[in-house]
Amino acid sequence: MLTLQAQSADDYHNALRAHSTVLVDFYKDQCPGCRMLDLALGQVATTPAAADVVLLKVKLETVGEAFFRELGLRQTPTLTLVRDGREVQRMAGYQSPAQIGAALTPG
């Protein structure tokens, strides 16, 4: 799983256009659930389900709260799965490696 960092709203939109499957991790520094989710994402990153997935990390403190609100985000962590530029799934809160793997598996 290739990991990218979005430093701006433009980075976010460009990544969604450039890659067919993007798992977006919306997080902030002082968030215990975000740190736990990082560990789960690390476990999923080497699985076959994640082979063609790009992980896009979007930090609230970097891109700003207004951008988060624009996207309708209410909490961190939140994962969104984007396929071909369309959000197909949103998962709020901590997700286990099994939950993330299931979301990445097409079908």
Side-chain angles (χ1 to χ4, degrees):
M1 181 184 307
L2 171 67
T3 301
L4 303 174
Q5 296 280 339
Q7 301 299 316
S8 67
D10 285 341
D11 289 348
Y12 167 82
H13 293 294
N14 290 337
L16 297 187
R17 281 192 292 274
H19 303 281
S20 61
T21 305
V22 182
L23 181 63
V24 186
D25 176 16
F26 295 98
Y27 72 101
K28 61 183 176 181
D29 282 336
Q30 300 302 317
C31 167
C34 299
R35 290 191 292 275
M36 288 175 45
L37 183 60
D38 257 350
L39 297 173
L41 288 167
Q43 292 177 30
V44 173
T46 58
T47 64
D52 296 322
V53 176
V54 170
L55 175 63
L56 180 62
K57 306 279 288 172
V58 182
K59 184 166 122 176
L60 178 121
E61 293 92 346
T62 301
V63 298
E65 220 172 288
F67 178 68
F68 269 47
R69 282 194 302 270
E70 253 177 56
L71 297 175
L73 297 168
R74 297 180 183 268
Q75 73 180 66
T76 58
T78 295
L79 293 174
T80 61
L81 181 60
V82 179
R83 293 193 193 276
D84 300 317
R86 266 189 22 161
E87 183 179 315
V88 295
Q89 190 167 2
R90 185 173 287 205
M91 301 163 276
Y94 171 78
Q95 304 295 309
S96 70
Q99 290 169 305
I100 298 166
L104 295 179
T105 304

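Source: prediction; values computed, not measured.
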Residues Asp11 and Gln7: closest non-hydrogen pair is OD2-N, 2.8 Å
Are Leu41 and Leu4 linked, directly or through intermediate hydrophobic residues, by side-chain heavy-atom contacts shorter than 4.5 Å (ILVMFWY only)? no
Tell me whether the count of non-hydrogen atoms from other residues, nucleotides or ligands lying under 6.0 Å of CG in Asp38 goes above 12. yes
I'd like a table of donor-acceptor pairs (distance under 3.5 Å, sequence neighbours excluded) in which one partner is a side-chain atom from residues 28-35, with atom names and distances.
residue, atom, partner, partner atom, Å
Asp29, OD2, Lys59, NZ, 3.1
Arg35, NH1, Asp29, O, 3.1

Non-hydrogen atoms of Ala6 and Val63 that approach each other most closely: O-CG1, 3.8 Å
Checking Val22 against Leu16 for the side-chain contact (heavy atoms from CB on, under 4.5 Å) test, could you report, in this order, the C-alpha distance in whole Å, the side-chain angles of both residues, the deciding distance, and whether it holds? CA-CA 7 Å; Val22 182; Leu16 297 187; 3.9 Å; yes
Can you find a heavy atom in the side chain of Thr78 that is under 4.5 Å from one in the side chain of Val24? no
Under the 3.5 angstrom rule, does the side chain of Thr46 hit a backbone N or O of Gly42 as a donor-acceptor pair? no
To the nearest 0.5 Å, what is the distance between CG (Leu23) and CD (Gln89)? 9.5 Å
So CZ of Arg17 and OH of Tyr12: to nearest 0.5 Å the spacing works out to 11.0 Å
Same apolar cluster (I L V M F W Y, side chains within < 4.5 Å links), Leu55/Ile100: yes
What's the separation between atom OG1 in Thr76 and atom OH in Tyr94, rounded to the nearest 0.5 Å? 15.5 Å
For Ala40 against Gln95, the heavy-atom pair lying closest together: CB-O, 3.5 Å
Would you name the heavy atoms of Pro97 and Gln43 that are closest together and state the gap between them? CG-OE1, 3.2 Å
Common cluster, Val54/Val58, ILVMFWY with side-chain heavy-atom separation under 4.5 Å: yes
Give me the atom names and distance for the closest heavy-atom approach of Leu37 to Pro77. CD2-CB, 3.5 Å
Hydrophobic clustering (ILVMFWY, side-chain heavy atoms < 4.5 Å, transitive) - are Met91 and Val53 grouped together? yes
Angle class for the Phe26/Phe68 ring planes (parallel below 30°, perpendicular above 60°, tilted otherwise)? perpendicular
Remaining members of Leu39's ILVMFWY cluster at a side-chain heavy-atom cut-off under 4.5 Å? none
Criterion side-chain contact (heavy atoms from CB on, under 4.5 Å) on Arg90 and Leu73, from CA distance to verdict: CA-CA 10 Å; Arg90 185 173 287 205; Leu73 297 168; 3.7 Å; yes
Treating Ile, Leu, Val, Met, Phe, Trp and Tyr as nodes and any side-chain heavy-atom pair under 4.5 angstrom as an edge, say whether Leu56 and Phe67 lie in one connected cluster. yes
